[in-house]
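Just below is one structure, and these are the notes that go with it.
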Amino acid sequence: MLTETISPDLFRAALSHWASGVTVVTTRDAAGQSHGFTASAFSSVSLDPALVLVCLDNKANCFDAFDQSEGFVIHLLAQGQQELAGRFASKGADKFAGTGVTLSAAGQPVLPGALARLECRTERRIPGGDHLILIGEVHDAHEGEGEPLVYFQRGFHELTAVGQG
Ligand SMILES: Cc1cc2nc3c(=O)[nH]c(=O)nc-3n(C[C@H](O)[C@H](O)[C@H](O)COP(=O)(O)O)c2cc1C
């Protein structure tokens with residue numbers, strides 16, 4: 001039986017070689033306060049029903065808001081939105097100040113300028129180690145314009161095409 005565990009540094013270093021998009025995930029609590037965090041731990045899960053997931057650190061300030069929320073919005077960030085990604089990855093201060101945030105029909109915070117956004121009902125929450133896996137059923141989606149913001153080796157990058165898939 002394998003009982004070894006990997007060091008957090010090695011785990012992080014190995015994962016830094018994985019390129020991903022960047023999302024900002026938002027929700028509103030019962031008191032009407034908006035919350036959000038930057039997340040690269042995002043994936044589609046199922047086509048029918050339309051399910052996606054995002055993983056949230058148990059220690060995040062916004063944890064309770066997402067743990068109790070009935071829904072959330074996942075914004076897929078566009079090239080040029082690295083300042084927004086940095087802002088929603090930081091603690092304190094009002095992250096939404098000056099962002100032009102509006103509310104969706106479902107009453108969730110929507111940020112302008114994303115490449116796409118997925119409006120979700122919270123379908124399930126699954127504990128996953130030191131993170132909470134939020135599974136959302138996508139009830140509405142909107143597409144924007146532009147190219148994706150890419151996260152790779154702890155930095156933001158732009159996508160370059162090398163040929164047709
Ligand atoms: C590119 C990037 C990706 C991140 N991905 C995640 C993620 O998938 N899940 C997560 O919980 N935190 C992630 N973080 C860290 C959170 O955005 C950050 O800890 C945030 O401040 C948490 O929100 P809080 O202010 O409510 O604590 C990421 C940060 C960056 C810069």
Side-chain angles (χ1 to χ4, degrees), residues 3-46 50-79 81-99 101 103-104 106-111 113-139 141 148-157:
T3 54
E4 300 99 63
T5 54
I6 190 172
S7 79
D9 284 351
L10 176 56
F11 185 46
R12 271 196 284 268
L15 286 179
S16 74
H17 297 284
W18 175 248
S20 71
V22 185
T23 74
V24 168
V25 191
T26 58
T27 194
R28 216 152 75 113
D29 65 24
Q33 173 100 28
S34 294
H35 302 266
F37 67 105
T38 298
S40 54
F42 158 79
S43 180
S44 59
V45 173
S46 160
L51 300 177
V52 293
L53 70 75
V54 63
C55 301
L56 173 61
D57 191 327
N58 294 343
K59 293 196 291 293
N61 294 338
C62 61
F63 182 87
D64 289 346
F66 280 93
D67 194 31
Q68 288 155 25
S69 82
E70 288 174 6
F72 51 88
V73 179
I74 303 176
H75 304 78
L76 310 187
L77 297 195
Q79 205 171 286
Q81 289 192 296
Q82 51 271 26
E83 191 276 330
L84 194 72
R87 175 193 283 238
F88 278 85
S90 67
K91 301 271 176 193
D94 179 6
K95 299 182 186 184
F96 290 85
T99 58
V101 62
L103 292 182
S104 68
Q108 300 294 351
V110 166
L111 298 164
L115 203 50
R117 73 171 189 266
L118 305 168
E119 298 186 14
C120 304
R121 263 187 300 274
T122 306
E123 206 264 344
R124 197 174 302 190
R125 301 179 191 89
I126 304 170
D130 59 9
H131 280 58
L132 182 70
I133 304 165
L134 295 161
I135 298 190
E137 175 160 13
V138 182
H139 62 80
L149 182 63
V150 175
Y151 192 66
F152 175 61
Q153 292 194 329
R154 303 181 178 113
F156 296 111
H157 297 260

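In this chain, residues are counted from 1 in sequence order. Here the structure is a predicted model, which is why all the values come from computation and not from measurement.
- For the side chain to side chain contact (heavy atoms under 4.5 Å, CB included) with Thr27, the lone residue among Cys62, Ser69, Cys120, Ser34 that qualifies is Ser69.
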* Kindly determine whether Arg87 and Thr99 satisfy side chain to side chain contact (heavy atoms under 4.5 Å, CB included), including the steps that lead there. => CA-CA 10 Å; Arg87 175 193 283 238; Thr99 58; 3.8 Å; yes
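- Counting heavy-atom neighbours within 6.0 Å of Glu70 CD, excluding the residue itself, gives a total of 12 or less.
- Once rounded to the nearest 0.5 Å, the distance linking CG of Leu115 with OG1 of Thr23 reads 12.0 Å.
- What you find for Gly71 and Gln108 is that their closest heavy atoms are O-NE2, 3.3 Å.
- Rounded to the nearest 0.5 Å, atoms CD (Glu83) and CG (Leu149) are 12.0 Å apart.
- Contact record, Val73 with Arg117: CG1-CD, 4.0 Å, taken as the closest heavy-atom pair.
- To the nearest 0.5 Å, atom CZ of residue Phe96 and atom CD of residue Gln33 are 9.0 Å apart.
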* Show your working on side chain to side chain contact (heavy atoms under 4.5 Å, CB included) between Asp29 and His35 and close with a plain yes or no. => CA-CA 8 Å; Asp29 65 24; His35 302 266; 2.8 Å; yes
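- In this structure the side chain of Leu77 never reaches within 4.5 angstrom of the side chain of Tyr151, judged on heavy atoms.
- A distance-only check finds no donor-acceptor pair linking the side chain of Asp67 to the backbone of Asn58 [under 3.5 Å].
- Contact record, Thr38 with Ala89: OG1-N, 3.3 Å, taken as the closest heavy-atom pair.
- Rounded to the nearest 0.5 angstrom, Cys55 SG and Leu134 CG are separated by 8.0 Å.
- Rounding to the nearest 0.5 angstrom, the gap separating the CG atom in Leu53 from the OG atom in Ser46 is 11.0 Å.
- Of all the heavy atoms in Ile135 and Phe72, the pair that sits closest is C-CZ, 4.2 Å.
- Considering every non-hydrogen atom in both Arg28 and Gly107, the closest pair reads NE-O, 3.0 Å.
- Within a 6.0 Å sphere centred on CZ of Phe152, other residues, nucleotides and ligands contribute more than 12 heavy atoms.
- A salt bridge is defined here as a Lys NZ or Arg NE, NH1 or NH2 lying under 4.0 Å from an Asp or Glu carboxylate O, and Arg121 with Glu123 fails to meet this definition.
- Annotation: side chain of Lys95 is not in contact with side chain of Val24 (no heavy-atom distance under 4.5 Å).
- Looking only at side-chain heavy atoms (C-beta outward), Val25 and Phe66 come within less than 4.5 Å of each other.
- Interatomic distance, OG1 of Thr26 versus CD of Glu119, reported as 8.5 Å (0.5 Å rounding).
- Minimum heavy-atom separation, Val101 to Pro109: CG2-CB, 3.8 Å.
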* Asked: Run the side chain to side chain contact (heavy atoms under 4.5 Å, CB included) check on Phe88 and Val22 step by step: do they pass?
  -> CA-CA 11 Å; Phe88 278 85; Val22 185; over 6 Å; no
